[in-house]
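See below for the structure under consideration.
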Amino acid sequence: MNINHELLNFINPKSRIQNLKSHESVFSQSWRVAWGKIHTLTSRLLTDVVWQDGEFAVISPPGQQIFRLSPREDFVVVGDIWLTNQGELLAKLGLIPEEFDGDDLDLVGRLWERWGRECLQLLVGMFSLVIWERRQQRLWMIRDRVGAKTLYYTRHGAVQWIAPQLPSLSAYRSSELDLVALRDYLCCAFVPGERTLWQDVKEVRPGTAVLSPATEVYIYWQLQENISNQESLEWHGESLRGLLNQVVQEYLPTNQPVGVFLSGGLDSSCITALAAKFHSHPVHTYSIHFGAELPNELEFSSLVAQHCQTQHHILEITFADMWNYLPQVMLHLDDPIGDPLTVPNLLLGKLAKNHVEVILNGEGGDPCFGGPKNQPMLINSLYGGVTNQDGLAAYLTSFKKCADDLPQLLKPDVYHAVGEEKSVFAPDFNVNMNYLNRLMGLNIKYKGADQILTKVNNLTSAVGLTGRSPLFDQRVVDLSMTIPPIYKLSGVEEKAVLKQAVKDILPPSIIHRPKSGMMVPVQLGFRKYWQQQARKMLLHKKSAIAPYFQQQVIQDWLNYRGDIWGRYGVKLWLLTSLEVWLQVHQG
């Protein structure tokens, strides 16, 4: 691996480089599958083979049990899986839970023998799976409905490689970037859809099963609007509460404490309250702030922690922490994510690891129940004729990243190559669905799967935690699409149905407080603390981003020229994250 140490020294001159040198050992922990003419591969590429069937091989470090043969040995099931409905599935198979000594991989093997791919309709949980049909010599790549787990694949010569972590495929891919994916990252702060930033690596989409060798895609689940208009807000709130009670109890670990990332907002507060209500072991909560001189939400998170009688932990994150830990964060992300919360997520996970093995969060409340970030788009739908802005263009602008800057930011040849490429959001933006549900569906399908859940999965597992997002459970997502939009976001009233569902277990000041969001002070960071390092890194003639971007635009942003809306800090963090990600992942 060729890491530009000169550039990375601008991030941290001492300890970060040593961490980065462990890159290959970090990702050797991920399982992989090879299929094709594997007899042509060198022994180095096939180290740690734990099972082989002709031209199909399962590769995993010793001690990890990541595959099972079905009872008749016709199928091999490989992957990461956590099911919440094991009892129901065993009943369908006519098995007694007390007498079943297998795991979830065993269970899937039995289900596949009985029903083939139709059994995917029965699975409830988080999973990324590879299923090898030995007689038919066919291979399936499968991802759970909402995208809690990830799965990537590429072809290297005559061999197809598959892994749950994109860096595990670094030995089998080219270093050419997908310029459309780069454009989309600049618009959203994540790479949406099946593309990855690497040109020849694809991601299996949520709710799909991909069959090889033909690479046929079977969609076994997709978001469906089924609004139930006859019932009241109280009825929908009670229905949601019943499901949340069930889901949170299923997500709690057995006979051990549990943690919750607690911001003090409605979403994380309701998960904290439900965990405290149902868990018979200690509940630890974790909150952050960025120093006494900056605004924070500790008043609200501490109120919830006291109300729920949790063991509360508060972490101060400094500007030095934000900068110094960025390489470690980018090391553990499959594609770059330009959300400034990535570093706090990792650092809070490191703290939580001292007390718990399972950490819950409130992610999913906004996409499922109508957060305020949808309001600009609702206004645009009413007044788009006045503003003369196309709806899809307005959606990209609503991310408040670099969508409007692309003609100036990208070099002419790069912009010409991607300027007319259709947006991945276009088909879903124009579906026949209520407008608010359409927006929320986009956020669930793309931002949820490609940013939020990926970030949760990668950064919690990076510190040895299991991260779970109850509000993004597939059943909660399905239920959200039956709730009338007026009970989600109506004027300035947001998430009315969720507030109705949990109003009896939270203080009124939490239920009725306006949404503020966790604001990471990157604007101040680049102005006061990171200016010199950012200049040296982003404007360096050997920077990884240099072939793609106009340096004058970046220089203007670093000088804060014309920053009317105070958005340059967010854009600079987006570019810095990309630069660091490229430096630690380019081979």
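Note that this is a predicted model, so its numbers are computed, not measured.
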(message) Under the criterion side chain to side chain donor-acceptor pair (under 3.5 Å), I'd like the reasoning laid out for Trp221 against Asp478: C-alpha separation, chi angles, the key distance, then a yes or no.
(response) CA-CA 10 Å; Trp221 177 88; Asp478 281 333; 3.2 Å; yes
(message) Please determine whether side-chain contact (heavy atoms from CB on, under 4.5 Å) holds for the pair Asp267 and Phe369, giving the CA-CA distance in whole Å, both sets of side-chain angles, and the decisive distance to 0.1 Å.
(response) CA-CA 10 Å; Asp267 305 335; Phe369 301 110; over 6 Å; no
(request) Any chance you could lay out the side-chain contact (heavy atoms from CB on, under 4.5 Å) test for Trp573 and Leu578, step after step, and finish with the verdict? (result) CA-CA 8 Å; Trp573 184 266; Leu578 175 62; over 6 Å; no
(request) Kindly determine whether Leu348 and Ile359 satisfy side-chain contact (heavy atoms from CB on, under 4.5 Å), including the steps that lead there. (result) CA-CA 10 Å; Leu348 209 54; Ile359 190 85; over 6 Å; no
(message) Run Leu89 and Gln86 through side-chain contact (heavy atoms from CB on, under 4.5 Å) and show every step you take.
(response) CA-CA 5 Å; Leu89 296 174; Gln86 299 95 333; 5.7 Å; no
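The two atoms that bring Ala275 and Val260 nearest to each other are CB-CG2, 4.4 Å, heavy atoms only. Counting all heavy atoms, side chain and backbone alike, Glu421 lies closest to Val180 at CG-CG2, 3.6 Å. Across all their heavy atoms, Val356 and Leu465 have their closest contact at O-CD2, 3.2 Å. The shortest heavy-atom contact between Asn430 and Arg438 is N-CD, 4.2 Å. In terms of heavy-atom proximity, Ala163 sits nearest to Arg32 at CB-CG, 3.7 Å. Counting all heavy atoms, side chain and backbone alike, Pro470 lies closest to Val476 at O-CG2, 3.7 Å.
Checking side-chain atoms of Ser469 against main-chain N and O of Phe472 turns up no donor-acceptor pair under 3.5 Å. Checked by atom type and distance alone, the side chain of Thr40 pairs as donor or acceptor with a backbone atom of Lys37 at under 3.5 Å. A distance-only check finds no donor-acceptor pair linking the side chain of Gln160 to the backbone of Tyr153 [under 3.5 Å]. Under a 3.5 Å cut-off, the side chain of Trp581 and the backbone N or O of Leu333 do form a donor-acceptor pair. A donor-acceptor contact shorter than 3.5 Å is absent between the side chain of Glu88 and the backbone of Leu90. At least one donor-acceptor pair under 3.5 Å links the side chain of His585 to the backbone N or O of Met330. With hydrogens and angles ignored, the 3.5 Å screen pairs a side-chain donor or acceptor of Asp200 with a backbone N or O of Ser174. In this structure, the side chain of Ser212 does not engage the main chain of Ala214 through any donor-acceptor pair within 3.5 Å. Checked by atom type and distance alone, the side chain of Ser577 never pairs as donor or acceptor with a backbone atom of Leu574 at under 3.5 Å. Counting only distance, with no hydrogens or angles, the side chain of Arg183 and the backbone of Leu406 share no donor-acceptor pair below 3.5 Å.
Annotation: side chain of His281 is not in contact with side chain of Gln256 (no heavy-atom distance under 4.5 Å). Within the 4.5 Å cutoff, the side chain of Leu139 has no heavy atoms near those of the Leu211 side chain. His279 has its side chain within reach of Val258: a pair of non-hydrogen atoms, C-beta onward, lies under 4.5 Å apart. Using a 4.5 Å cut-off on side-chain heavy atoms (C-beta onward), Trp161 and Val33 make no contact. Leu471 is not listed as a side-chain neighbour of Glu363, based on a closest heavy-atom distance of 4.5 Å or more. Taking the side chain as every heavy atom from C-beta outward, Leu105 and Val108 never approach each other to under 4.5 Å. Here the side chains of Ile545 and Leu582 are in contact, with some heavy-atom distance below 4.5 Å. Side-chain contact between Leu83 and Leu123 is present, with heavy atoms from C-beta onward closer than 4.5 Å.
Under the 3.5 Å distance criterion, with hydrogens and angles disregarded, no donor-acceptor pair is assigned to the side chains of Thr482 and Asn226. No hydrogens or angles considered: a donor-acceptor pair under 3.5 Å links the side chains of Asp334 and Asn458. Counted by atom type alone, Glu113 and Ser70 present one or more donor-acceptor pairs between their side chains at under 3.5 Å. Side-chain N/O atoms of Tyr251 and Gln249 include no donor and acceptor closer than 3.5 Å.
No more than 12 heavy atoms of other residues, nucleotides or ligands sit less than 6.0 Å from atom NZ of Lys92. Counting non-hydrogen atoms of other residues, nucleotides and ligands closer than 6.0 Å to CD of Glu420 gives a total of 12 or fewer. Heavy atoms of other residues, nucleotides or ligands lying less than 6.0 angstrom from NE2 of His39 number more than 12.
Among Trp112, Phe75, Trp35, Trp132, the one residue that satisfies the ring pair (Phe, Tyr, Trp, His ring centres under 6.0 Å) test with Trp140 is Trp112. For the pairing with Asp450, the salt bridge (charged side-chain N to carboxylate O under 4.0 Å, His left out) check across Arg205, Arg195, Lys445 returns one residue only, Arg205. Screening Val210, Val76, Val204, Ile162 for a side chain to side chain contact (heavy atoms under 4.5 Å, CB included) with Val130, the sole residue that qualifies is Ile162.
With salt bridges taken as basic N to acidic carboxylate O contacts below 4.0 Å, one links Arg68 and Asp106. A salt bridge links Arg143 to Glu203: one of the charged nitrogens lies within less than 4.0 Å of a carboxylate oxygen. For Glu250 and Arg475, the salt-bridge test passes: some basic side-chain N is under 4.0 Å from an acidic carboxylate O. Using a cutoff of 4.0 Å between basic side-chain nitrogens and carboxylate oxygens, Asp413 and Lys411 are not scored as salt-bridged. A salt bridge does not link Asp144 to Lys149: none of the charged side-chain nitrogens sits closer than 4.0 Å to a carboxylate oxygen. Comment: Asp339 engages Lys455 in a salt bridge, judged by a side-chain N to carboxylate O separation of less than 4.0 angstrom.
Here Asn245 contributes atom CG and Leu243 contributes atom CG; the two are 9.0 Å apart, rounded to the nearest 0.5 Å. One finds the OG1 atom of Thr215 at 11.5 Å from the NZ atom of Lys202 (value rounded to the nearest 0.5 Å). Remark: Phe278 CZ to Gln246 CD distance equals 10.5 Å, nearest 0.5 Å. Remark: Asp80 CG to Gln64 CD distance equals 8.5 Å, nearest 0.5 Å. We find the CD-CZ distance between Gln199 and Arg173 to be 11.5 Å, quoted to the nearest 0.5 Å. Annotation: the span from Leu41 atom CG to Glu55 atom CD amounts to 8.5 Å, rounded to 0.5 Å.
Ring centers of Phe190 and Tyr185: at least 6.0 Å apart, outside the cut-off. The distance between the ring centers of Trp31 and Phe67 does not fall below 6.0 angstrom.
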